[in-house]
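One structure coming up, written as structure tokens, with questions to follow.
The figures that follow rest on heavy atoms only: side chains count, while hydrogens, waters and symmetry mates do not. Order of the sequence lines sets the chain letters (A, B, ...), proteins ahead of strands, with each chain counted from 1.
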Amino acid sequence: MPAAPEEIGKKEVKTKELTVNMGPQHPATHGVLRLVLELNGETVVKCTPYVGYLHRGVEKLAENRTYMSALPLTDRLDYISSMANNIGYCVAVERLFGVEPPERAKYIRTIMAEMTRISSHIIGVATHVLDIGATTLFLYSFRDRETLLDLFEMTCGARLTVSYPRIGGVRNDVSQEFIDKLYEFTGYFPETIEREYETLIDRNRIWLQRTKGIGVISAEDAINWGLTGPTLRGSGVPYDVRKHAPYDAYDKVEFDVPVGKNGDVYDRYKCRMEELKQSNRIIRQCIEQMPRGPIMAPDAPKFTLPPKDKVLTDMESLIHHFVLITKGPIASPEGEIYSATEVPKGELGFYMIGDGSGKPYRMRLRSPSFVHVSVLPELCKDALIADVIANIGTIDIVLGEVDR
Amino acid sequence: MTIKDLAKRVFLVEILKGMALTLRMIFTHAVTRQYPEEKRPPFPGFRGLHALVRKENGEAKCVGCGLCAAICPSKCISVYTSEGSDHNKVVDRYEIEVLRCVYCAFCVEACPFGAVVLTDHYEYSDYSRAAFDMDKEKLLANWDKFMAGPKGEEYFKRFWRPLSEDYATPEDQPVFRGGAGAPKALPGKETVEVQGGLSDAA
């Protein structure tokens, strides 16, 4: 029997927490992330991320590939910054082997890594903004990314999964057209950021209300959670692998590490925008300083394929060629190494163990996105449902890298 | 809050600025391509569908050494050989499972004879999976269709790497040309701008 009108309100209404499943097929989760949200009204009481929907077993697969043919596996970790992953892998193997790539290769790699950073950051910011509700910036940033992808295609024949660096150098030299076009791009890109990107959202009141003071994480907490990259720097910790343990040509170029102050979504966004300009600056310096010279290390035939024009004329090259492909590098060292590089998302670490055979005995990946997902419950605690979306966008995760 | 800030808040200045930008964009050239009608040719060296190179006498250049199958990271190539009449190696079957391929072009790099290539063809779709299990005949047909003639030779040489010149310093190596080749100067700043809670470090 329904309650009489005067009885309503007097009766004690029982409330309980509602559990909502968000994902894995949710467009704002940047892939296949599943979140289980316990809600009290519109407030998130508890947020539990579930990962593993994109697990391919890259670490295990690498154990059955030679050092060379494990390279394309790393393309598919963080698939919007595949070049940076490739470079991270090559740097790790080079450190294990004790090889030093030549100067020109180092500069080319630095240019490529920074191009990837620009392309990844503009996608990160664009999808983040799109999730919150602004469409225009998304379209503008994809236009600029197209320029960079065309340059990748021009150099290595692929736009997304590039497989361009090699152990001890890079696959092929860059062309004059590449250098000219990229230099032209770096000429107008900072202006584009200021004129278009920042005009649209930097001071926009809706954007500010959705980002200022949301998802705050203190510097101490950020370090304790193991955050890296712009997600950490937004909290004011100036940690950058490129500055603290330079690899490739980063010790020869000047750049600043932008850091935020408040550790909220807006500061992390601001850091990424600032990093775009710094990456642009690095590319310009690299192009201007890039010397002439070989692009493969002189002792490279011991671990990457020998020159093709010699394979059918030189006996030693032919033997190297066959052994390298079927068994892997002959002089593979025993030992272990941890090598970190700064990819757009944060610190990408490769922990490699070599057992003297041509294949890595173990390849452990420290992927930044996986660490960043773990901080999501902390960021979403006592936040509104709408802020969950902002928080997923701000940690800039790619699920290919979370699940590996 | 100053009067200027108040005016900015009341008159929606930042929103209007954004709207003005989007309005200006109407009068610029469209960057979108109308894809199926309007196609952008891939750059030389693009890694698309596979093909087996045909010799002048019409046979496949492949000798069946199996290096492509050995290096393939996704293990999508299988080569079966047998002994011929005069003790030569005969390639009975050469199969590529195209749907498993990751297009790294390591097979092209590994092939000592330049017998397998990736073409510039990227639009392949079919109603059956079987259409993508390419055997030797299909792969040779791909060569005839997309790469035959001097185009193929020029094309696969771009990823037939490394060459000896990669270990040396070629005369005409491209570097930054400065002056004439350089476009307009960078309008950017030397230091990081402090804005919205940002301070520069390092």
Q) With a 4.5 angstrom heavy-atom cut-off, which part of B/L118 approaches chain A: side chain, backbone, both or neither? A)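 Neither part.
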Q. Is any side-chain heavy atom of B/V175 closer than 4.5 Å to a side-chain heavy atom of A/Y107?
A.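 They are not in side-chain contact.
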**Q.** Residues B/R47, A/E153; criterion salt bridge (charged side-chain N to carboxylate O under 4.0 Å, His left out); working and verdict
**A.** CA-CA 9 Å; B/R47 315 202 296 243; A/E153 189 188 334; over 6 Å; no
**Q.** CA sep, side-chain torsions, deciding dist, call: A/R166, B/E109, side-chain contact (heavy atoms from CB on, under 4.5 Å)
**A.** CA-CA 12 Å; A/R166 290 286 179 274; B/E109 271 176 57; 2.5 Å; yes
Q: Over all heavy atoms of both residues, which pair between B/P112 and A/L312 is shortest? Give the atoms and the distance, please.
A: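 In this case the closest contact between B/P112 and A/L312 is O-CD1, 3.5 Å.
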(Q) Looking at A/E198 and B/K17, is any side-chain nitrogen of the basic one under 4.0 Å from a carboxylate oxygen of the acidic one? (A)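 No.
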Q) Between A/V170 and chain B, which part of the residue has a heavy atom less than 4.5 Å away: side chain, backbone, both or neither? A)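 Looking at A/V170, nothing touches chain B.
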Q. Should the heavy atoms of other residues, nucleotides or ligands under 6.0 Å from NZ of A/K327 be counted, would the total exceed 12?
A.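 Not more than 12 within 6.0 Å, no.
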Q) Around atom NZ of A/K308, are there more than 12 heavy atoms of other residues, nucleotides or ligands at under 6.0 Å? A)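 Correct, the count exceeds 12.
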Q: Determine the option with the most heavy-atom pairs under 4.5 angstrom with chain B, choosing from A/V311, A/L200, A/I206, A/T66.
A: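 Winner by heavy-atom pair count: A/L200.
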Q) Which one of A/N64, A/N204, A/T326 has the most heavy-atom pairs closer than 4.5 Å to chain B? A)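 Sorted descending by pairs with chain B, the first entry is A/N204.
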Q. Do you know which two heavy atoms are closest between B/A110 and A/I325, and how far apart they sit?
A.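 So the minimum-distance heavy-atom pair works out to CB-CD1, 3.4 Å.
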Q.
More than 12 heavy atoms of other residues, nucleotides or ligands under 6.0 Å from CZ of B/R40: yes or no?
A.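 Above 12, so yes.
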**Q.** Choice from A/A70, A/C156, A/P102 maximising heavy atom contacts with chain B below 4.5 Å
**A.**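 Winner by heavy-atom pair count: A/C156.
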(Q) Looking at A/K181, I'd like to know if its NZ atom is crowded, meaning that more than 12 non-hydrogen atoms belonging to other residues, nucleotides or ligands lie closer than 6.0 Å. (A)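 No - once you tally the heavy atoms of other residues, nucleotides and ligands closer than 6.0 Å, there are 12 at most.
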**Q.** A/H321 NE2 to B/C65 SG distance, which is reported to the nearest 0.5 Å
**A.**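 The distance works out to 7.0 Å.
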Q. For B/P73 and A/R65, which heavy atoms make the closest approach, and how far apart are they?
A.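 So the minimum-distance heavy-atom pair works out to O-NE, 2.6 Å.
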Q. Given a strict heavy-atom distance threshold of 4.5 Å, which part of B/I15 is in contact with chain A: side chain, backbone, both, or neither?
A.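 The side chain, not the backbone.
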Q) Between A/F178 and chain B, which part of the residue has a heavy atom less than 4.5 Å away: side chain, backbone, both or neither? A)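 Nothing of A/F178, per the 4.5 Å heavy-atom cut-off to chain B.
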Q | Under 4.5 Å from a heavy atom of chain B, the part of A/I179 involved | A |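 The side chain, not the backbone.
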Q: Below 4.5 Å from any heavy atom of chain B, which atoms of A/S175 appear? Answer side chain, backbone, both or neither.
A: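 A/S175 touches chain B through backbone heavy atoms alone.
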**Q.** Exercise: identify the closest heavy-atom pair between A/L71 and B/F106
**A.**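 Taking A/L71 first and B/F106 second, the nearest heavy atoms are CD2-CZ, 4.0 Å.
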Q) Listed by chain and number, what are the side chain to side chain contact (heavy atoms under 4.5 Å, CB included) partners of B/K145, not counting sequence neighbours? A)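 Testing B/K145 for side chain to side chain contact (heavy atoms under 4.5 Å, CB included), a comparison that skips the adjacent residues, returns none.
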Q. Just how far is it from atom OG1 of B/T22 to atom OH of A/Y140, taken to the nearest 0.5 Å?
A.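 It comes to 5.5 Å.
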Q: Heavy-atom distances under 4.5 Å only: say whether B/V102 touches chain A with side chain, backbone, both or neither.
A: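 Contact with chain A involves both backbone and side-chain atoms of B/V102.
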Q. Would B/R24 and A/E196 pass as an ion pair if we require N to O under 4.0 Å?
A.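 A/E196 and B/R24: not salt-bridged.
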Q: Sort out for me which of A/R195, A/R233, A/R104, A/R159 touches chain B most, counting heavy-atom pairs under 4.5 Å.
A: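 Among the listed options, the one with the most contacts to chain B is A/R104.
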Q: Considering non-hydrogen atoms only, spot the tightest contact between B/F43 and A/D150 and give its length.
A: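 Closest pair (atom of B/F43, atom of A/D150, distance): CE1-O, 3.6 Å.
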Q.
The test is side-chain contact (heavy atoms from CB on, under 4.5 Å); show your working for A/E146 and B/V31 and say whether it passes.
A. CA-CA 10 Å; A/E146 186 72 15; B/V31 290; over 6 Å; no
Q | Closest heavy-atom pair and its distance - B/E14, A/R205 | A |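 Distance-wise, the nearest heavy atoms are OE2-NE, 2.8 Å.
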Q. A/P291 versus chain B, heavy atoms under 4.5 Å apart: side chain, backbone, both or neither?
A.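 When you check distances to chain B, only backbone atoms of A/P291 fall under 4.5 Å.
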Q. Do B/Y103 and A/T161 have side chains that get closer than 4.5 Å, going by heavy atoms?
A.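 SC-SC contact between B/Y103 and A/T161 ruled out.
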Q) Highest number of heavy-atom pairs under 4.5 Å with chain B: which of A/E177, A/R76, A/M290, A/Q289? A)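 The residue among A/E177, A/R76, A/M290, A/Q289 with the greatest pair count is A/R76.
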